[in-house]
Amino acid sequence: MIKNKKILIVGAGGFIGGHLVKRLLNNNNFIVAVDLKPKEYWFQDYESVENHYSLDMKEISNCRKVTKDIDYVFNMACNMGGMGFIENNKAECMQSVLINTNLLISCKENKIKRYFFSSSACAYNKSKQQEVFIEGLKEDDAYPADPEDGYGWEKLFSERMCRHFMEDYGISVRVARYHNIYGPYGTFDGGREKAPAALCRKVFNARKNNESKIEVWGDGMQTRSFLYIDDCIEGTLKLFESNYSEPVNIGSDEQVSINQMIEIIEDISQTKKLERIYKLDKPKGVRGRSSNNDLVKKVLNWSFKVQLKDGLKKTYNWISEEMSKQGSNLSRFTKS
Ligand code: GDD
């Protein structure tokens, strides 16, 4: 367990970053938390932390400032979202390369002891994800390179940047490829939301408004595996403290179709089966994706614990509470 350390968490106002701050607050750690977002849009915000709101880490002067006297850096920051965002904002997504690059340069100058980069399953070669049910993606499947356009290229490039900073300058790096992380204190409206949160929101709304239909992007047969946030944080910290410096999957191998996920949410919310209006022109991404966890089991002895139905229950409950508070307005966390 990490203790007595000075830790910088970049992207701390976001979903995974916020949960990581909460987890690392204990054990006499001192946390420096940074995010581009203004205070009111942070999902979690702790007083005992040195918070830097509205700080743009694409600027190297800011990176240099906040990496001074820091032991560990977690880079959880990027301009991202679900398919609806990344497919329509490729240039925006690619500019996150500046965050990772300027942070690495600053970490080298300030002699940081270890650096974590949050990569993504979007780094994997698209041609291996064209069937509905696929074998889980193994770490080697990222090459030959043909990742998700825009966002995935940024992740793959930044992974390599980490690797070369390790090889050439001796910086200790850890790289996780996250597979669709979901849970409370994440985006559920406004355009950046991923499928689990979006579908919880849609089912909640249908129930509330007594409607019998929901819109689904694609034909609903596409598959993914989804990882609950608590498992993500456990896996991240295990990786961080390990000796393993290559990219590794942090994901679940419980592969489900979008239609199956909707059924689970209908069960949780005790909603009768909704008619699904399939929107085939909406962003769909790859046809099938799941995580192969052989390597992560071997090198970290880690495996996900939370089944999708249990994680979705907590997520649905949180989203429905938030939506009940907000009425018909966008969520208080949403910055358009
Ligand atoms: N977002 C969203 N909203 N997706 C929907 C919806 C909806 O209302 N209805 C159906 N889907 C479908 C999408 O069309 C897609 O085929 C699938 O659900 C999963 O969509 P997302 O959760 O938005 O994205 P993803 O799994 O393709 O990629 C996400 O996970 C990656 C890591 O595994 C993205 O968030 C990436 O940024 C991330 O790297």
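Remember, it's 1-based here, ligands and their atoms both numbered in the order they're listed.
The atoms of ligand 1 that sit less than 4.0 Å from any heavy atom of Q222 are 12 (C), 13 (C), 14 (O), 15 (C), 16 (O). Counting the atoms of ligand 1 from 1 in the order shown, those under 4.0 Å from a heavy atom of H179 are 33 (O). Of all the atoms in ligand 1, the ones that sit under 4.0 Å from a non-hydrogen atom of A198 are 3 (N), 7 (C), 8 (O). The atoms of ligand 1 that sit less than 4.0 Å from any heavy atom of P283 are 13 (C), 14 (O).
Between G81 and ligand 1 there is a heavy-atom distance shorter than 4.0 Å. At least one heavy atom of M80 sits under 4.0 Å from some atom of ligand 1. For K155, the closest heavy-atom approach to ligand 1 does not fall below 4.0 Å. Residue-ligand proximity: R289 is placed with a non-hydrogen atom under 4.0 Å from ligand 1. Within the structure, ligand 1 has A121 among the residues with a heavy atom less than 4.0 angstrom away.
Between K126 and D146 there is a salt bridge, since a side-chain N of the basic residue sits under 4.0 Å from a carboxylate O of the acidic one. A salt bridge is defined here as a Lys NZ or Arg NE, NH1 or NH2 lying under 4.0 Å from an Asp or Glu carboxylate O, and R276 with E266 meets this definition. Salt bridge present: K128 and D141 bring a charged side-chain N and a carboxylate O closer than 4.0 Å. Between D45 and K22 there is no salt bridge, since no side-chain nitrogen of the basic residue lies less than 4.0 Å from a carboxylate oxygen of the acidic one. Salt-bridge check for R287 with E131: failed, with every basic side-chain N at 4.0 Å or more from each acidic carboxylate O.
Two residues are said to be in side-chain contact when any heavy atoms from C-beta on lie closer than 4.5 Å; I171 and K113 fail this criterion.
Between the side chains of Y124 and R289, not a single donor N or O lies within less than 3.5 Å of an accepting N or O. Between the side chains of S119 and E159, a donor-acceptor pair is found at a separation under 3.5 Å. Side-chain atoms of R192 and N79 form a donor-acceptor pair, as typed in the model, at a separation below 3.5 Å. For the 3.5 Å distance criterion, the side chains of Y178 and T236 qualify, holding a donor opposite an acceptor. Between the side chains of Y46 and Q44, a donor-acceptor pair is found at a separation under 3.5 Å.
Among all protein heavy atoms, the one lying closest to atom 4 (N) of ligand 1 is W217 CE3, 3.5 Å. Protein heavy atom nearest atom 31 (C) of ligand 1, with residue, atom name and distance: C122 SG, 3.8 Å. Of the protein's heavy atoms, S120 OG, 2.4 Å lies nearest to atom 39 (O) of ligand 1. Nearest protein heavy-atom neighbour of atom 15 (C) of ligand 1: K284 O, 3.3 Å.
Considering backbone and side-chain N/O atoms, A195 comes within less than 3.5 Å of an N/O atom of ligand 1. For ligand 1, the polar-atom distance check against E193 finds a nitrogen or oxygen pair separated by under 3.5 Å. Taking any N or O of R224, backbone or side chain, at least one lies under 3.5 Å from an N or O belonging to ligand 1.
Contact annotation: for Y178 versus ligand 1, heavy atoms closer than 4.0 Å belong to the backbone alone. With a heavy-atom cut-off of 4.0 Å, M83 touches ligand 1 through backbone and side chain alike. Heavy atoms of N180 found under 4.0 angstrom from ligand 1 belong to the backbone as well as the side chain.
Between atom 8 (O) of ligand 1 and the options K202, K279, R177, E87, the minimum heavy-atom separation is to K202. Comparing D219, I258, I214, V286 against atom 18 (O) of ligand 1, the shortest heavy-atom distance belongs to I258.
Taking the six-membered ring where tryptophan is involved, the planes of F226 and Y182 are perpendicular, since the angle between them exceeds 60° and thus also 30°.
The cationic atom of R174 (NZ for Lys, CZ for Arg) does not lie both less than 6.0 Å from the six-membered ring centre of Y115 and within 45° of the ring axis.
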